[in-house]
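Numbers here simply count residues along the sequence, with the first being 1. Reckoned from all heavy atoms, side chains included, excluding hydrogens, waters and symmetry mates.
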Amino acid sequence: MKKIKIVELFSGIGSQARALKNIGINIEVQATCEWDIHAFVAYDAIHNDEYILDSILQMPKEEIIKKLSEYSLSNDGKTSMNARSLKTYDDITLKRILSAITRTKNLVDINEVKGKEMPEFTDLLTYSFPCQDLSNVGAFHGYNKGIDIDSGSRSSLLWQVGRILEEMKQSKRTLPKYLIMENVPTLLSKRHFDNFNLWINKLNSIGYESKYIPVNAKNYGIPQNRPRLLMLSVYVGTDDLLREKIKSFFSNWGDDESYIVKEYKNSKYFKCLQIEDLLRVSHNKNSQLWQEEVECVPNDTPSRRKIWDLNPKIIDEDGNLTKDQFIRTITTKQDRNPNSGNIYIDTGIKGRAHFRYLTPRESLLFMGFTDEDYERLQKCNFKERKSRTLFPRDKILRLSGNSIPVKMLEGFFYQLYELEKIIRKHRINSKLEK
């Protein structure tokens, strides 16, 4: 397949880009869009470079703050931070943030993105919009506005994607050939399905034929039970014959992921990972891995003992590995009930529990990233403020929990190989007929 040009909206730490590369697709990232400082700096470190650009290295702090003040940035991925907050950041961190925005071609705030400013000739646009107003966990915490239009919810940012596509069409810019959506399967629930169907109809009116499939990461060779909903939309415009061919292609999938999983498993890119492949357990108390483990050991309190009792034991008191094939869904926190599972450990530290949670490194591994990715984050783990670093334990756990399992995306993206053949053959035949 030729190099494809991609735009990642709500780009996070770049699961989409990693998945495409993993299945042998050469990509050019035309733009990203992410306002969460920690997410887009992590994206830059993982996919590009952990160093500060030379052009930014010599800039005075005042100039960097002025440039960053032009963007709507967030420190928690939920709320916008004011310009005064930037002044509290360490000089080196500010330079790292500006370097990441520049190098990842980050559009930052999707509310401010104009269709006429979008890159031309994009092959693939991804949009994994926020799920907290859709997920069951979010509903428990009072996020229940869903994707209602003009509700002001984070999940309703989906409609900004529609606005951008419509503006591109109005300004006669070439629309992306493919759109990929990822979110939680509760989009299909009674509460949200009318809105989701409205979204599909909007895409149809713009010129896209769409197909959604409920999927689960555990079926793609990653040992994590993580149900999700993926949707692929193909631009057909007013070409009715192409639309019918795309419909026929989608009909091969059926109503579940079985066909997609089978095709992926038969490819040279599939590899099944086990839980033990992704755990990083060390008994060397001088090792970095041991220090990472100790950092995830909670205090010995009644509430933490309850977490040990009520959640799966990935490794129990006798050192036995769980017989389960999959861990629970990686969420944005592990020090909670329920969590993804616990691992027995005796640190000998007074007042500490005899178990730990998944470490930030392990959380990234269970999402399909690598030890090298974690190390790259640590290389740019500058002191953010006086008492905090840019990537403390809980930040990396949050980034992992908000990410997308890479191998699951690999299986879905693998369908692009066949789809590209269909579209290329259709275009050749169309030219011959003319």
Side-chain angles (χ1 to χ4, degrees), residues 12-13 15 18-19 22-23 128 131 135-137 182-186 188 213-230 256-267 269-281 293 296 307-345 355-371 373-374 396-414:
I13 61 176
S15 293
R18 173 55 58 81
N22 283 357
I23 60 169
S128 179
C131 69
S135 69
N136 293 326
V137 174
E182 181 272 347
N183 216 280
V184 290
T186 48
L188 303 180
I213 290 286
V215 297
N216 195 314
K218 68 180 184 180
N219 297 320
Y220 297 83
I222 196 81
Q224 180 192 168
N225 180 41
R226 192 181 186 94
R228 283 299 184 264
L229 187 72
L230 292 174
D256 60 34
E257 62 185 328
S258 302
Y259 177 84
I260 294 173
V261 170
K262 180 181 177 182
E263 292 283 299
Y264 176 50
K265 285 186 174 181
N266 287 333
S267 77
Y269 303 107
F270 177 77
K271 179 183 178 182
C272 187
L273 298 172
Q274 309 297 326
I275 291 176
E276 58 264 38
D277 297 327
L278 304 179
L279 294 180
R280 295 295 180 263
V281 177
E293 290 186 82
C296 295
I307 291 175
W308 169 258
D309 291 337
L310 297 180
N311 288 278
K313 296 170 178 57
I314 299 175
I315 296 179
D316 66 18
E317 299 95 327
D318 298 320
N320 298 315
L321 181 72
T322 178
K323 293 182 180 179
D324 294 334
Q325 291 182 284
F326 319 107
I327 66 166
R328 287 178 176 174
T329 298
I330 298 283
T331 58
T332 55
K333 292 181 181 180
Q334 288 301 310
D335 186 12
R336 72 191 320 170
N337 184 27
N339 68 9
S340 300
N342 303 308
I343 298 166
Y344 183 82
I345 182 174
F355 74 95
R356 68 170 177 85
Y357 312 117
L358 292 177
T359 66
R361 182 194 295 266
E362 290 168 334
S363 293
L364 282 173
L365 293 173
F366 275 98
M367 294 303 293
F369 290 90
T370 66
D371 288 287
D373 295 329
Y374 177 80
I396 299 180
L397 290 173
R398 179 169 66 82
L399 293 176
S400 301
N402 282 332
S403 189
I404 313 168
V406 173
K407 291 181 68 62
M408 185 180 76
L409 288 175
E410 288 177 26
F412 200 69
F413 286 155
Y414 187 69

Is a donor on one side and an acceptor on the other found under 3.5 Å between the side chain of Asn342 and the backbone of Ile307?
yes
When you compare the side chain of Tyr344 with that of Lys313, does any pair of heavy atoms fall below 4.5 Å?
no
Contacts of Tyr357 that satisfy ring-ring contact (aromatic ring centres under 6.0 Å, His included) - sequence neighbours left out
Phe355
OG/Ser15 to CD/Glu182 distance, rounded to the nearest 0.5 angstrom?
8.0 Å
Kindly write out the residues that satisfy side chain to side chain donor-acceptor pair (under 3.5 Å) with Ser363, not counting sequence neighbours, or none if the list is empty.
none
Any sub-3.5 Å donor-acceptor pair from Lys407's side-chain atoms to Cys272's backbone N or O?
no
Are the side chain of Ser403 and the backbone of Leu399 linked by a donor-acceptor contact shorter than 3.5 Å?
no
Residues in side-chain contact (heavy atoms from CB on, under 4.5 Å) with Asp318, at least two apart?
Asp316, Asn320
Are side-chain heavy atoms of Asn339 and Arg336 found at a separation under 4.5 Å?
yes
Check side-chain contact (heavy atoms from CB on, under 4.5 Å) between Glu276 and all other residues, then give those that pass, not counting sequence neighbours.
Gln274, Leu321
Between the main-chain N or O of Lys333 and the side-chain N or O of Thr331, is there a donor-acceptor pair closer than 3.5 Å?
yes
Thr332: which residues meet the side chain to side chain donor-acceptor pair (under 3.5 Å) condition with it, sequence neighbours left out?
none
Side-chain donor/acceptor of Gln224 to backbone N/O of Phe366, under 3.5 Å:
yes
Hits for salt bridge (Lys or Arg N to Asp or Glu O under 4.0 Å) against Asp256, two or more places apart or cross-chain, chain-then-number order -> none
Of all residues at least two apart in sequence or in a different chain, which pass the side-chain contact (heavy atoms from CB on, under 4.5 Å) check with Lys262?
Asn266
List in chain and number order the residues that pass ring-ring contact (aromatic ring centres under 6.0 Å, His included) with Phe412, two or more places apart in sequence or in another chain; answer none if no residue qualifies.
Trp253
Among residues at least two apart in sequence or on other chains, which ones pass salt bridge (Lys or Arg N to Asp or Glu O under 4.0 Å) with Arg361?
Glu292, Asp371, Glu375
Side-chain contact test, heavy atoms from C-beta onward, threshold under 4.5 Å: evaluate it for Asn219 versus Val215 and give yes or no.
no
Residue set satisfying side-chain contact (heavy atoms from CB on, under 4.5 Å) with Ser267, at least two apart, ordered chain then number -> Tyr264, Tyr269, Phe270, Tyr414
Salt bridge (Lys or Arg N to Asp or Glu O under 4.0 Å) filter on Glu293, not counting sequence neighbours, yields Arg356
Quick one, Arg228 and Val184 - any side-chain contact, counting heavy atoms below 4.5 Å?
yes
After noting the C-alpha distance and the side-chain angles of Tyr220 and Glu410, does the key distance pass the side chain to side chain contact (heavy atoms under 4.5 Å, CB included) rule?
CA-CA 8 Å; Tyr220 297 83; Glu410 288 177 26; over 6 Å; no
If you round to the nearest 0.5 Å, how far is CG of Leu409 from CG of Leu230?
6.5 Å
Considering only heavy atoms from C-beta outward, does the side chain of Leu279 approach that of Leu358 to under 4.5 Å?
yes
Do Ile396 and Tyr374 have side-chain heavy atoms sitting under 4.5 Å apart?
yes
Donor-acceptor check, side chain of Asn225 to backbone of Phe326, threshold 3.5 angstrom: yes or no?
no
Value rounded to 0.5 Å, distance of CD in Glu362 from CD1 in Ile275:
11.5 Å
So how far is it from Leu229 CG to Leu188 CG, rounded to the nearest 0.5 Å?
5.0 Å
To the nearest 0.5 Å, what is the distance between SG on Cys296 and CG on Leu397?
6.0 Å
Student check: side-chain heavy atoms of Ile13 and Met367 closer than 4.5 Å
no
Could you measure the distance from the CG atom of Asn22 to the NZ atom of Lys271? Nearest 0.5 Å is fine.
11.5 Å
Taking the side chain as C-beta and beyond, is there a heavy-atom pair between Ile222 and Leu278 under 4.5 Å?
yes
Here the pair of heavy atoms bringing Ser128 nearest to Ile404 is OG-CD1, 3.6 Å
Show the nearest heavy-atom pair for residues Asn183 and Cys131, with the distance to one decimal.
OD1-CB, 3.2 Å
Check: Ile327 main-chain N/O paired with Lys218 side-chain donor or acceptor under 3.5 Å:
no
Non-hydrogen atoms of Pro223 and Leu273 that approach each other most closely
CD-O, 3.5 Å
Would a distance-only check, ignoring hydrogens and angles, find a side-chain to backbone donor-acceptor pair under 3.5 Å from Arg226 to Ile330?
yes
Go through the structure and list residues passing side chain to side chain donor-acceptor pair (under 3.5 Å) with Asn402, not counting sequence neighbours.
none
